[in-house]
J.: 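To start, I am sharing the structure in question, which I have written as structure tokens.
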Amino acid sequence: MRTKWTWVVVLAVFALVVAACGDDAATTTTAAPTTTGAETTTTGAETTTTGPAEQLVFGMILVGPYNDRGWSQAHYEAGQYLEEKLGARMIYLDKVNTADRPETTVDQVAAQMIGEGAQLVFATSDDMRDGIELAAELYPDVPMVWSSGDSAWPEAGAAYRPDLANLANTMGRMEYGKMMAGCAAALSSEAGKIGFLGPLINAETLRLASAAYLGARYCWEEFRGEDPATLAFRVDWIGFWFHIPGLTIDPTQVANDFVDSGIDVIISGIDTTEALVVAGQRSAAGATVWAIPYDYHGACDEAPQVCLGVPYFNWNPAYLRLAQSVLDGTFRAEWEWFGPDWDDINNMETSGIGFLPGTALTGENLALLEQFIDGLADGSINLFTGPLNYQDGTPFLGDGEVATDVQVWFMEQLLEGMVGASRPS
Amino acid sequence: MSVLARSRSAATALLPFALVLVVGVLLLISVSAPPLEVFRLIFQGALGSQAGLSTTLMVWVPLVLAAAGLVVTFTAGLWNIGIEGQIIVGAVAGALVARTVIGPPLLVIPLLILAGAVGGMLWGLLVGVLRVYGRVNEIFGGLGLFFVATGLVVYLVIGPWQRAGSASTSGTDLFRREAWLPRAGGWRFSWVALGLAVALVVGVYLLMRGTRFGLRLRAVGRNGRSAFLMGITTNRHLLAAFALCGALGGLGGALHAAGFHHKLVPAVSGGYGFLGILVVLLAGFRAVWIAPIAFFFAVISVGSTQLQLRLQLHSSLAGVLQGVLVLCALLVGGWQLRRAHLSRRRAEEGG
């Protein structure tokens with residue numbers, strides 16, 4: 001008898017809750033735009049002045065926290081840039097990974113965003129391949145972008161998915177940013193020991209760690225006149241793009257290990273700022289150590305006194321192009337790999353890759369770094385030029401051979417001279 | 001029962017829910033979130049669309065299976081904190097089948113389900129053996145084996161089962177489509193998973209209520225020593241409880257890997273084991289209540305995604321809300337138990 005009453009009460013309470021707020025449910029869900037045909041006739045400038053009915057609604061799926069001062073924040077701020085430039089509306093969800101949100105998968109998030117009216121969905125992590133490809137299959141009429149991916153690149157071999165005509169890819173040529181980071185590290189290091197705090201191992205991270213090494217080796221040799229063999233460059237991987245307690249190695253621990261082993265510059269390859277934070281703490285405790293964070297233009301702020309600079313992604317130009325193409329009806333499932341605007345790599349309107357020197361970089365070293373950047377800009381310095389060997393001695397590039405995009409994108413190992421795992425042990 | 005007594009008992013039953021609502025509303029107001037809108041969004045997100053409802057059902061499956069298993073161990077007086085590890089090992093065993101057995105779904109899926117149950121059962125039995133023969137308290141044994149299971153799954157995902165050209169803790173390659181649980185028409189949940197879960201929850205209810213085994217297990221749980229003196233094989237019953245609970249948890253893990261993620265991810269257990277403990281506590285250890293309570297939790301965890309999507313509320317708010325609700329319900333439950341106890345004693349003394 002008592003059980004029955006409890007049931008009645010539970011149902012009554014829920015009925016009340018649902019009833020109390022049920023009436024406005026119908027109205028809020030009809031806000032989605034009705035036609036796309038009208039939009040194709042308007043230009044981007046005009047859409048900013050039109051009402052919400054023609055507003056571009058886009059989804060932004062972030063792998064980490066939106067305010068991580070790293071990878072995810074860079075995407076989030078590009079989303080805000082679209083809101084400002086196009087009068088668009090962003091629907092975002094952060095921490096979309098199985099550890100933080102076990103009840104969510106990327107395709108389900110995409111479905112929810114589309115249900116709320118998103119006409120374009122950005123999946124902004126390498127980790128989202130399966131989910132966004134599935135979503136693109138399920139919603140073939142909704143344009144989607146997988147940032148850092150290669151599903152729309154005919155050269156990508158097995159990864160190429162020509163069947164997904166609504167899934168584009170975009171990525172920045174961060175090799176340049178990492179070369180600048182490596183150069184700044186080699187110019188500043190007193191011990192000649194550099195540590196690279198790596199995320200997980202894949203073609204992208206092998207490429208970027210190697211680029212940092214190439215930049216460091218060049219500046220060590222050319223500007224400091226040292227023998228490349230005396231430069232120690234160590235890579236340690238944590239297992240994911242950021243720390244997940246229990247599942248990855250703790251980047252704070254790795255960074256501290258670097259300092260304990262005599263490394264005095266840490267280059268971060270992960271989404272978050274642990275390397276810089278540890279360098280700040282150890283420096284305050286008397287150690288001589290600097291760090292170079294990654295991904296986000298404001299990343300130095302957490303410990304500017306030890307920050308040599310930050311190579312960062314500026315997704316604004318790429319995302320604006322993509323969003324505009326959706327508005328114009330010209331969206332295509334294409335792969336793009338954008339570079340810096342060499343006229344001004346820190347121009348937030350035009351340059352997709354930038355490097356902001358930090359306050360810890362001396363004026364003398366800054367001048368040398370700028371000289372290096374000029375060399376990259378005019379093509380007189382191309383570090384992906386042979387002879388270069390992979391870590392195990394197998395040739396990567398022959399003598400004088402300049403790497404193609406495919407060779408750089410799909411690096412298989414770290415380079416000879418680097419210490420660290422090219423494959424999981 | 002008189003009308004007065006009825007309304008009194010209804011009022012006592014209402015109390016926890018009223019308190020939970022009031023505290024929940026206060027919490028939301030304190031972070032300047034509109035409470036009605038929050039509840040509406042949660043329910044609408046979890047139940048208001050095909051996609052939402054499908055996800056809720058697929059989350060409900062491992063949660064309710066874990067809770068059903070825990071009813072068995074709790075009845076035997078055991079705190080099987082290690083359920084989370086048993087879910088993981090079940091998923092690993094299921095993934096092993098998905099990766100190695102090549103054949104039609106009719107062959108792969110039953111094998112995968114069986115493997116999940118066996119994997120979880122063995123992991124559960126291990127806790128039981130440590131407890132019964134090694135005198136290791138099941139809380140410590142279970143927790144230890146949970147960490148071992150986590151280590152195992154991370155090792156597999158980043159090592160031998162890594163994706164081609166990559167070593168990331170994010171997960172293995174997707175299973176072959178033959179190993180995905182078949183979906184229900186245009187819906188994204190699986191009848192196989194849902195049907196199994198419902199059948200097994202009913203099965204556990206009947207087992208605990210209507211069988212000699214259930215009665216004996218209860219006797220063991222109430223007082224192991226006197227049960228033993230009464231001629232019940234205590235150890236065998238404890239081991240059986242662990243095996244059953246592990247099998248249910250492991251099954252949930254395998255179903256979740258094959259039906260939800262379609263691959264093995266290190267976080268496959270998703271905290272559903274720990275959440276299952278709360279479900280059973282809230283249900284007062286009774287099998288009949290776990291299905292709706294687990295469903296309620298599934299609704300909250302799936303629906304709360306909406307809070308950020310629609311209201312830009314911080315993503316951890318749902319977790320805080322859920323924790324506060326559970327705490328309130330437990331407090332009220334404890335207080336009611338205590339009151340019932342006191343009034344019974346007073347009645348005994350008075351009489």
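Proteins get letters first, then strands, A, B, ... in listed order; numbering begins at 1 in each. Model, not experiment: these values are computed from the prediction.
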J.: For the residue pair A:R129 and A:W146, would you count it as a cation-pi contact if the rule is NZ or CZ under 6.0 angstrom from the ring centre and within 45 degrees of the ring axis?
T.: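 No - A:R129 does not lie over the ring of A:W146 by the 6.0 Å and 45° rule.
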J.: Who wins among B:V154, B:V59, B:L174, B:V268 for the most heavy-atom pairs under 4.5 Å with chain A?
T.: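 Maximum pair count with chain A is reached by B:L174.
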J.: Have a look at A:W241 and tell me which of A:D127, A:D271, A:D126 forms a side chain to side chain donor-acceptor pair (under 3.5 Å) with it.
T.: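 Among A:D127, A:D271, A:D126, the one that satisfies the side chain to side chain donor-acceptor pair (under 3.5 Å) with A:W241 is A:D126.
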J.: Below 4.5 Å, heavy-atom pairs only: which of A:D130, A:L93, A:N202 has the largest tally toward chain B?
T.: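 Greatest number of close heavy-atom pairs with chain B: A:D130.
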J.: Give, as side chain, backbone, both or neither, the part of A:L134 having an atom under 4.5 angstrom from any heavy atom of chain B.
T.: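 The answer is the side chain of A:L134.
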J.: Checking B:T150 against chain A: side chain, backbone, both or neither under 4.5 Å from a heavy atom?
T.: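 The side chain, not the backbone.
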J.: Please rank B:A51, B:S301, B:G52, B:P266 by heavy-atom pairs under 4.5 Å with chain A and give me the top one.
T.: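 Of B:A51, B:S301, B:G52, B:P266, B:S301 has the most heavy-atom pairs under 4.5 Å with chain A.
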J.: Flag the one option from B:M58, B:H262, B:Q306, B:H256 with the top tally of heavy-atom pairs under 4.5 Å to chain A.
T.: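 Looking at each of B:M58, B:H262, B:Q306, B:H256 in turn, B:Q306 comes out on top.
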J.: If you measure only the distance, is there a donor-acceptor pair under 3.5 Å linking the side chains of A:E274 and A:T252?
T.: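 Note: A:E274 and A:T252 side chains miss the donor-acceptor criterion.
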J.: Among side-chain atoms of A:Q73 and A:E77, is any donor-acceptor pair under 3.5 angstrom?
T.: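 A:Q73 vs A:E77: donor-acceptor pair found between side chains.
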J.: Under 4.5 Å from any heavy atom of chain B, what part of A:L138 do you find: side chain, backbone, both or neither?
T.: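 For A:L138, the contact with chain B is made by the side chain alone.
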J.: Less than 4.5 Å to any heavy atom of chain A: does that hold for the side chain of B:F147, its backbone, both, or neither?
T.: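 Looking at B:F147, nothing touches chain A.
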J.: Does B:F295 have its ring centroid less than 6.0 Å away from the ring centroid of B:F297?
T.: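 No: the rings miss the under 6.0 Å criterion.
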J.: If you tally heavy-atom pairs under 4.5 Å against chain A, which of B:V302, B:T55, B:T56 wins?
T.: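 Ranked by contacts with chain A, first place is B:T55.
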J.: Using a strict cut-off of less than 4.0 Å between a Lys/Arg side-chain nitrogen and an Asp/Glu carboxylate oxygen, indicate whether A:E137 and A:R161 qualify as a salt bridge.
T.: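 A salt bridge links A:E137 with A:R161.
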J.: What's the shortest heavy-atom distance between A:G239 and B:I158, and which atoms?
T.: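 Looks like CA-CD1, 4.0 Å.
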J.: Go through the atoms of A:Q108 and report whether side chain, backbone, both or neither lie under 4.5 Å from a heavy atom of chain B.
T.: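 Interface part for A:Q108: both.
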J.: Counting the benzene-type ring for Trp, do A:H75 and A:Y92 have ring centres under 6.0 Å apart?
T.: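 No, too far apart.
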J.: So which of A:T205, A:L206, A:T248, A:T98 has the largest heavy-atom pair count under 4.5 angstrom toward chain B?
T.: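 Top count of heavy-atom pairs under 4.5 Å with chain B: A:T98.
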